[in-house]
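Taking it in order: structure first as structure tokens, then the write-up.
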Number of protein chains: 2
Amino acid sequence: MTITEIARLANVSKSSVSLVLNNKPGVSDKTRAKVLGIIKKYRYRPNQIAQSLAGGETKSIGLIIKEIDNPYFGRLMRGVYDACSKLGYTVLLGSSEQSTDKEAEIIRTMLSKRVDGLIISPIQNEDADYSYLVDLTKDAFPLVILGSIPNFPTNSVDIDNFAAAFDATSHLIRLGHKSITHFAGPSGHGLKRLEGFRAAMQEAGLPLQKHSIVPVQPYTPNGYQAGKELFAQSPGSPTAVFCYNDLVAIGLMNALLDLGIDVPGRVSIMGFDDIDIAEHLRVPLSTVRMPSYEIGTSAADLLISRLAEGSTPRIERITLAYTLIERRSVARMTSPVLSGAVV
Amino acid sequence: MTITEIARLANVSKSSVSLVLNNKPGVSDKTRAKVLGIIKKYRYRPNQIAQSLAGGETKSIGLIIKEIDNPYFGRLMRGVYDACSKLGYTVLLGSSEQSTDKEAEIIRTMLSKRVDGLIISPIQNEDADYSYLVDLTKDAFPLVILGSIPNFPTNSVDIDNFAAAFDATSHLIRLGHKSITHFAGPSGHGLKRLEGFRAAMQEAGLPLQKHSIVPVQPYTPNGYQAGKELFAQSPGSPTAVFCYNDLVAIGLMNALLDLGIDVPGRVSIMGFDDIDIAEHLRVPLSTVRMPSYEIGTSAADLLISRLAEGSTPRIERITLAYTLIERRSVARMTSPVLSGAVV
DNA sequence: TTGAAAGCGCTAACAA
DNA sequence: TTGTTAGCGCTTTCAA
């Protein structure tokens with residue numbers, strides 16, 4: 001079934017069919033009704049590929065994340081998807097798997113598929129030059145970044161990671177913890193959170209020691225490994241650790257439990273993200289809630305609103321709110337001497 | 001940049017450029033080199049939309065699942081994505097959110113976007129007529145179903161849910177459990193698993209009682225709720241529960257823990273899926289491992305191989321292996337009288 | 001080995 | 001209000 005076919009069956013021209021297809025004025029009610037009848041009868045649906053070639057827009061956007069199976073991105077993807085489908089857009093999925101080359105290649109592929117816009121959670125290495133992103137913005141291609149890249153003006157959606165980490169650390173300090181370690185994540189969000197941690201420690205006059213900051217890959221096994229190493233020798237080990245994300249926190253929790261170290265009795269754990277299972281762990285996890293669903297919907301809404309506007313060079317940076325979630329993995333510090341006493 | 005542009009710059013015809021673009025013979029090495037040079041220089045990439053309109057294939061497939069943020073589908077999506085991108089295909093994402101109407105609408109949209117094939121995890125209601133799926137196969141549209149629909153011959157990928165449930169239940173029985181409840185899921189996989197449960201109970205000569213089967217929505221809060229209700233009054237409650245999936249099992253586990261009921265001391269819990277966090281729960285979950293990643297890759301490989309073959313009406317049903325995973329949430333039954341004794 | 005021309009299914013001037 | 005026509009950027013005969 002093609003538009004030509006429909007036109008023939010309805011005894012009208014292609015243009016008339018096109019007009020009713022796109023709900024445009026310029027056709028008599030009679031013609032419209034007739035065409036609509038034929039369309040319904042034959043369950044005709046225009047070929048979107050042809051529409052795109054002729055009309056210019058594909059009604060699809062590309063979403064490029066770092067890992068498909070990752071609870072954080074899962075919720076985020078759902079946000080993007082929900083907002084897009086509500087607005088009639090299809091999403092093409094891309095996953096960079098932490099590889100800059102893949103990210104660049106995915107972008108090229110999506111451009112050749114003529115997506116109307118792109119939402120990207122960019123890989124942030126020390127040596128990433130973001131040249132492909134720069135190219136995009138140079139051409140004024142509709143783009144929304146998830147997170148933020150220093151000195152790179154684009155539409156973006158993020159939370160204030162510095163403030164969130166600062167608050168989370170301060171919370172631990174307020175509870176009496178003095179020896180706190182940060183399991184630090186990769187550049188990008190990881191760096192911001194590390195800075196927030198540092199700032200909070202400094203403000204409280206708490207010195208950073210040798211093991212105050214340990215860099216960790218953002219996955220459960222790495223958190224486990226780092227936990228095992230850090231707590232292998234008890235003396236000098238911290239009473240609280242603030243983790244880059246929940247996945248790391250889960251690993252750490254298991255390491256501690258395997259080591260026979262009580263959580264939160266002996267050490268408190270603070271996560272980040274509040275992924276769905278955080279509250280269902282062996283010890284329900286205190287964490288910072290990332291509004292990942294909202295990040296997704298905001299990004300999609302922002303992108304699509306830009307498309308509607310045409311190529312307005314206006315850029316918008318959206319900062320969403322985070323929330324400190326108190327569950328059981330963080331406890332008030334009890335001095336070893338008074339251990340067991342009511343606090 | 002268009003092919004016409006490139007042709008002009010290289011002083012050749014569009015057709016020659018097209019031939020080198022598609023790596024086809026019929027151009028001299030000299031011309032090929034010249035064209036390739038221009039292409040590289042201008043970083044030209046053909047407009048895939050135009051290619052699709054002229055050539056017939058879009059090099060993209062549609063993946064329709066039920067929920068984007070769901071650890072089970074997360075791993076599955078990753079499988080599909082990995083296999084597709086390895087083979088040069090893009091995936092369009094669709095999520096039916098358990099609505100038949102949405103599922104049908106997504107299919108229509110994807111068809112109008114001319115995806116080359118479809119991978120669908122179909123909603124299975126009692127009243128689902130699958131008419132849209134039937135239409136698809138009537139037209140010999142390349143399709144792979146995740147799961148299986150009775151009397152509906154299509155390519156499909158699944159595990160033997162009946163056998164898996166049978167094995168899981170038998171495992172519980174072998175451990176001495178006699179009073180076992182099944183938290184049963186929705187039609188489709190849910191039905192198969194229920195039958196497997198029933199068969200195992202029957203084979204062991206264990207009678208089904210009033211509370212042996214409780215239907216539950218496949219999510220954590222529902223598992224929690226059902227757990228609370230079932231174990232509110234202790235007498236008559238089962239010593240083991242086999243859950244439709246891990247999400248339900250997590251809810252149940254929390255309900256039990258909140259009720260002060262020991263897991264697995266007083267009741268054993270068996271899940272299904274082996275989602276990533278299953279091993280990190282308060283009590284590490286014994287479960288049946290769904291090879292969801294492999295289901296994804298198999299489905300994509302199968303679909304794409306069908307595309308290559310042309311419209312061969314051959315259909316293939318792939319059944320993948322499951323695995324019983326023993327962790328801590330299931331224990332050997334100890335008679336209440338001998339409780340505390342060495343078993 | 002090359003190029004000209006038709007056509008994929010649609011939109012959008014423009015004329016009628 | 002309608003129909004005619006010319007593209008959109010590519011592939012693919014078919015001649016040269």
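Keep in mind that the numbers below use all heavy atoms, side chains included, and drop hydrogens, waters and symmetry copies. Proteins get letters first, then strands, A, B, ... in listed order; numbering begins at 1 in each.
- Taking atom NZ of residue A:Lys59 and atom P of nucleotide C:dT11, one finds them 13 Å apart after rounding to whole Å.
- Summary of helix geometry: the two end axes of the helix from C:dT1-D:dA16 to C:dA16-D:dT1, each defined by five base pairs via their C1' atoms, are inclined to each other by 40° (rounded to 10°).
- Rounded to whole Å, the distance from NZ on B:Lys113 to P on C:dC10 is 14 Å.
- One atom, CD of A:Glu57, and another, P of D:dC8, lie 18 Å apart when rounded to the nearest Å.
- Side-chain atoms of B:Glu103 come within 3.5 Å of backbone atoms of B:Ile123 as a donor-acceptor pair (strictly under, hydrogens ignored).
- Taking 4.0 angstrom as the limit, A:Ser16 places a side-chain polar atom (N or O) nearer than this to OP1 or OP2 of D:dG3.
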Chi angles and distances behind the side chain to side chain donor-acceptor pair (under 3.5 Å) call for A:Ser148, A:Lys192: CA-CA 10 Å; A:Ser148 50; A:Lys192 300 261 184 55; 3.2 Å; yes
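- Distance A:Asn11 CG to D:dG3 P: 9 Å, rounded to the nearest Å.
- In this structure, the CD atom of A:Glu5 is 12 Å from the P atom of C:dC8, given to the nearest Å.
- Regarding contacts with the backbone of C:dG3, a side-chain N or O of B:Ser13 is found under 4.0 angstrom from either OP1 or OP2.
- Applying the 4.0 Å criterion to OP1 and OP2 of C:dT2, one finds that B:Ser28 has a side-chain N or O inside that range.
- Atom CG of B:Leu21 and atom C1' of D:dC10 are 9 Å apart (whole Å).
- Residue A:Gln51 contributes atom CD, which lies 9 Å from atom C1' of C:dT11 at whole-angstrom precision.
- Rounded to an integer number of Å, the gap from CD1 of A:Ile3 to P of C:dG9 is 11 Å.
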Where do N or O atoms of nucleotides 12-16 of chain D meet protein N or O atoms at under 3.5 Å, pair by pair?
residue: D:dT12; atom: OP2; partner: B:Lys24; partner atom: NZ; Å: 2.7

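- When every heavy atom of B:Ser95 is checked against every heavy atom of B:Lys66, the shortest pair comes out as OG-O, 3.4 Å.
- Within a heavy-atom distance below 4.0 Å of DNA chain C, the residues of residues 30-49 of chain A found are A:Tyr44, A:Pro46, A:Asn47.
- For A:Thr154 and A:Ser156, the side-chain atoms include no donor-acceptor pair closer than 3.5 Å.
- No donor-acceptor pair under 3.5 Å is formed between the side chain of A:Ser16 and the backbone N or O of A:Val12.
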